[in-house]
Amino acid sequence: MALERTLSIIKPDATRRNLTGKINAKIEENGLRIIAQRRIQLTECQAKAFYAVHAERPFYGELVEFMISGPVVVQVLEGENAVAKYREVMGATNPANADEGTIRKEFAESIEANSVHGSDSAENAANEVKFFFSDCDIVG
Ligand code: CMP
């Protein structure tokens with residue numbers, strides 16, 4: 001198995017409810033290491049650019065508004081098969097479909113306010129990590 005890195009975002013619905021520590025505990029309990037972390041307020045420009053792949057979707061405007069509605073915590077996670085592993089730990093995008101014990105089942109409010117983001121492929125992970133962190137910010 002390969003040691004991988006993935007980009008995680010703890011979203012505004014979760015920071016608003018003071019859930020950063022509980023979500024980090026889930027991440028660590030599942031064998032992923034948080035090797036970089038920063039709490040930031042996204043600008044509209046950053047949120048639009050980060051989710052540019054969804055620009056044509058009907059929910060894009062609301063998604064951008066939601067992502068700038070409060071602070072987020074951006075993180076780099078490292079572990080064996082970290083991309084797929086974190087997607088397992090997060091659970092399905094829609095919390096109604098998420099498995100028991102996953103972050104979204106336990107904490108998400110809706111398909112939009114779904115508490116966390118995780119990269120969906122190794123290639124996207126590399127680009128998303130670079131979007132928020134320089135090599136010097138990451139201490140593995
Ligand atoms: P995320 O994993 O960050 O990737 C894109 C985000 O868009 C997703 O989580 C949700 O927050 C949001 N999203 C996806 N589908 C919908 C939808 N049908 N309606 C509203 N928001 C959505």
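Grouping the Ile, Leu, Val, Met, Phe, Trp and Tyr side chains by contacts below 4.5 angstrom, directly or via other members, places V76 apart from V83. Hydrophobic clustering (side-chain heavy atoms under 4.5 Å, transitive across Ile, Leu, Val, Met, Phe, Trp, Tyr) groups M67 together with V74. There is a path of hydrophobic side-chain contacts, each under 4.5 Å, that joins F107 to I34. Cluster annotation: L3 is not connected to V129 through the hydrophobic network of ILVMFWY side chains, with a link wherever side-chain heavy atoms come within less than 4.5 Å. L7 and F66 fall within the same hydrophobic cluster, defined by Ile, Leu, Val, Met, Phe, Trp and Tyr side-chain heavy atoms under 4.5 Å apart, directly or through other members.
By the salt bridge (charged side-chain N to carboxylate O under 4.0 Å, His left out) test, K105 pairs with E100, sequence neighbours left out. Partners of E112 under the salt bridge (charged side-chain N to carboxylate O under 4.0 Å, His left out) rule, at least two apart in sequence or in another chain, do not exist in this structure. Applying the side-chain hydrogen bond (donor to acceptor under 3.5 Å, both in side chains) rule to Q41 yields no partners; only residues at least two apart in sequence or on another chain are considered. Here R33 pairs with nothing under the salt bridge (charged side-chain N to carboxylate O under 4.0 Å, His left out) rule; sequence neighbours left out. Under the ring-ring contact (aromatic ring centres under 6.0 Å, His included) criterion, F50 pairs with H117, F131, F132, sequence neighbours left out.
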_Between V73 and T15, does the side-chain contact (heavy atoms from CB on, under 4.5 Å) criterion hold? Intermediate values first, please._
CA-CA 8 Å; V73 179; T15 60; 4.1 Å; yes
*Given N24 and Q75, is the side-chain contact (heavy atoms from CB on, under 4.5 Å) satisfied, shown in steps?*
CA-CA 10 Å; N24 281 352; Q75 311 174 300; 2.6 Å; yes
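To the nearest 0.5 angstrom, D120 atom CG is 9.5 Å from T93 atom OG1. Note that CG of N81 is 9.5 Å distant from CD of E88, once rounded to the nearest 0.5 Å. Here the straight-line distance linking atom OG of S69 with atom NZ of K11 works out to 11.0 Å at 0.5 Å rounding. We find the CG-CG distance between N30 and L77 to be 11.0 Å, quoted to the nearest 0.5 Å.
Heavy-atom minimum distance, S115 versus A108: OG-CA, 3.3 Å. For the pair N114 and R104, the tightest heavy-atom approach, listed with the atom from each and the gap, is O-CG, 3.2 Å. Nearest heavy atom pair, residue P12 against residue G70, reads CG-O, 3.7 Å. The shortest heavy-atom contact between I23 and A14 is CD1-CB, 3.8 Å. The minimum heavy-atom distance between G101 and E106, with the atom names listed, is CA-OE1, 4.0 Å. The two residues V64 and E44 come nearest to each other via the heavy atoms CG1-CG, 4.1 Å.
Annotation: salt bridge (Lys or Arg N to Asp or Glu O under 4.0 Å) contacts involving residues 63-80, sequence neighbours excluded, comprise R5-E78.
No salt bridge links K26 with E29; every basic N to acidic carboxylate O contact stays at or beyond 4.0 Å. Between R17 and E109 there is a salt bridge, with a side-chain nitrogen of the basic residue lying less than 4.0 Å from a carboxylate oxygen of the acidic one.
Proximity of a side-chain donor or acceptor of Y60 to a complementary backbone N or O of K48 within less than 3.5 Å is detected. Although no hydrogens or angles enter the test, the distance criterion places no donor-acceptor pair under 3.5 Å between the side chain of N127 and the main chain of N124. In this structure, the side chain of N94 does not engage the main chain of I111 through any donor-acceptor pair within 3.5 Å. Proximity of a side-chain donor or acceptor of Q46 to a complementary backbone N or O of T43 within less than 3.5 Å is detected.
In this structure, a donor-acceptor pair under 3.5 Å is absent between the side chains of R87 and T6.
At least one side-chain heavy atom of R38 sits less than 4.5 Å from a side-chain heavy atom of F133. I35 is not listed as a side-chain neighbour of V139, based on a closest heavy-atom distance of 4.5 Å or more. Residues M90 and S8 have side chains not in contact (no heavy-atom distance under 4.5 Å, counting atoms from C-beta outward).
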